[in-house]
Trainee: 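This is the structure, below, for whatever I ask next.
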Amino acid sequence: MKLPNIKTDGKNNQELGEKITPGIRNQGVNLTPYHLCDASAVRGSVLGIDPAILARWMVHSLQVHCDKYHHHISKRDFETA
């Protein structure tokens with residue numbers, strides 16, 4: 001997938017998402033950068049990566065990480081971890 005050439009300096013994640021999403025959708029892919037974040041958070045949990053590390057990688061606090069991503073992690077995900 002080819003991502004659009006955008007300037008990232010001084011932009012927050014929402015601004016970047018709004019710039020990237022149309023380029024992704026124009027290529028026929030029905031997802032947003034937020035889907036990728038959600039998937040990364042769940043995958044990291046399933047792989048046993050410490051939530052504090054995942055939060056740092058995603059550039060937010062542990063509390064925000066738990067509040068935002070915990071509901072994406074299903075019982076099946078916990079059982080396979």
Trainee: Taking side-chain hydrogen bond (donor to acceptor under 3.5 Å, both in side chains) as the test, write out the residues that go with Asn26, two or more places apart.
Mentor: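 Counting only residues at least two positions away or on another chain, Asn26 forms no side-chain hydrogen bond (donor to acceptor under 3.5 Å, both in side chains).
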
Trainee: Remaining members of Val64's ILVMFWY cluster at a side-chain heavy-atom cut-off under 4.5 Å?
Mentor: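 Listed partners: none, Val64 stands alone.
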
Trainee: What residues, two or more places apart in sequence or in another chain, satisfy side-chain hydrogen bond (donor to acceptor under 3.5 Å, both in side chains) together with Arg43?
Mentor: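 With sequence neighbours excluded, Arg43 shows a side-chain hydrogen bond (donor to acceptor under 3.5 Å, both in side chains) to no residue whatsoever.
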
Trainee: Hey, could you give me each pair passing side chain to side chain donor-acceptor pair (under 3.5 Å) that has a residue in residues 51-63? Not counting sequence neighbours.
Mentor: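 Output for this query lists Gln63-Asp67.
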
Trainee: For Thr32, which residues count as a side-chain hydrogen bond (donor to acceptor under 3.5 Å, both in side chains) partner, sequence neighbours excluded?
Mentor: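 Result, side-chain hydrogen bond (donor to acceptor under 3.5 Å, both in side chains) vs Thr32: His35.
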
Trainee: Would you name the heavy atoms of Ala52 and Leu62 that are closest together and state the gap between them?
Mentor: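 In this case the closest contact between Ala52 and Leu62 is N-CD1, 3.7 Å.
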
Trainee: Report yes if the side chains of Val42 and Tyr69 come closer than 4.5 Å at any heavy-atom pair, otherwise no.
Mentor: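 Of all side-chain heavy-atom pairs linking Tyr69 with Val42, none is under 4.5 Å.
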
Trainee: So, for Cys37 and Met58, which heavy atoms are closest and what is the spacing to 0.1 Å?
Mentor: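 Looking at all heavy atoms of both residues, the closest pair is O-CE, 3.1 Å.
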
Trainee: Is there a path of hydrophobic side-chain contacts, each under 4.5 Å between heavy atoms, that joins Leu36 and Ile20?
Mentor: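 Yes, because Leu36 and Ile20 connect within a single hydrophobic cluster, where side-chain heavy atoms sit under 4.5 Å apart.
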
Trainee: Can you name the closest pair of heavy atoms from His65 and Pro51 and give their distance?
Mentor: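 Scanning both residues completely, I find the closest heavy atoms to be CD2-O, 3.9 Å.
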
